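What you are looking at is a predicted structure, and each value in this text was computed from that prediction instead of being measured. All ligand and atom numbering here is 1-based and tracks the order in the structure.
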Amino acid sequence: MVTEISTSDAQRKMLADAGYAEPAINYYIEQKYMGHLEDADQVSHKVGSCGDTMKIYIKLDDDKRIEDIRYEITGCAGAISAAMAAVELAKGKTLEEALALNDGDVFKALENIPEKKHHCIQLAVKTMHQGIEEYKAANAT
Ligand code: FES
């Protein structure tokens with residue numbers, strides 16, 4: 001008898017074998033914040049040292065706190081899981097608080113990803129910081 005393994009079970013196993021912890025795998029599989037926001041206040045784009053790219057859409061609320069973020073990503077599983085974790089950490093924060101988030105905060109939220117993927121966390125965080133800085137520069141009074 002053949003037991004069917006779903007795509008996500010197979011993906012989970014592959015990622016776990018590669019060194020991704022459970023929270024990182026969930027962020028990657030769910031991809032809750034992938035895509036774009038029609039009414040974003042800021043759209044920014046960054047190319048990582050590996051050549052992969054991220055585009056970020058940031059939406060602020062009336063108090064200038066981060067209401068929502070979406071990422072469009074051409075990159076690896078590490079990049080996707082890191083970006084999804086970064087959104088969860090940044091939501092509800094002021095721009096300054098979100099600028100204070102760093103790679104270590106995202107790594108903690110992921111629990112673990114392979115060491116050779118740590119630069120992908122950097123790309124997710126740098127893209128968010130760049131988006132915030134570009135928003136601030138364009139809206140400085
Ligand atoms: Fe390029 Fe992960 S983002 S290898």
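Between OD2 of D52 and SG of C50, the angle at atom 1 (Fe) of ligand 1 works out to 100°, rounded to 10 degrees.
Those atoms of ligand 1 that come under 4.0 Å of a heavy atom in A79, given as number and element, are 3 (S). Atoms of ligand 1 found under 4.0 Å from any heavy atom of C76, numbered from 1 in the order shown, are 2 (Fe), 3 (S), 4 (S).
Under the 3.5 Å distance criterion, with hydrogens and angles disregarded, a donor-acceptor pair is assigned to the side chains of E88 and Y27. Side chains of S44 and E134: a donor on one and an acceptor on the other come within 3.5 Å.
Across I69, I66, D41, a single residue satisfies side-chain contact (heavy atoms from CB on, under 4.5 Å) together with K59, and that is D41.
The shell of residues lying under 4.0 angstrom from ligand 1, judged by heavy atoms, excludes M54.
Hydrophobic clustering keeps L101 apart from Y57 (ILVMFWY residues linked when any side-chain heavy atoms are closer than 4.5 Å, directly or through intermediates).
Electrostatic pairing of K13 and D17 counts as a salt bridge here, judged by a charged N lying under 4.0 Å from a carboxylate O.
When distances to atom 2 (Fe) of ligand 1 are checked against a cut-off of 2.8 Å, H119 contributes no N, O or S atom below that limit. Put simply, C120 stays out of reach of atom 1 (Fe) of ligand 1, with no N, O or S atom under 2.8 Å from it.
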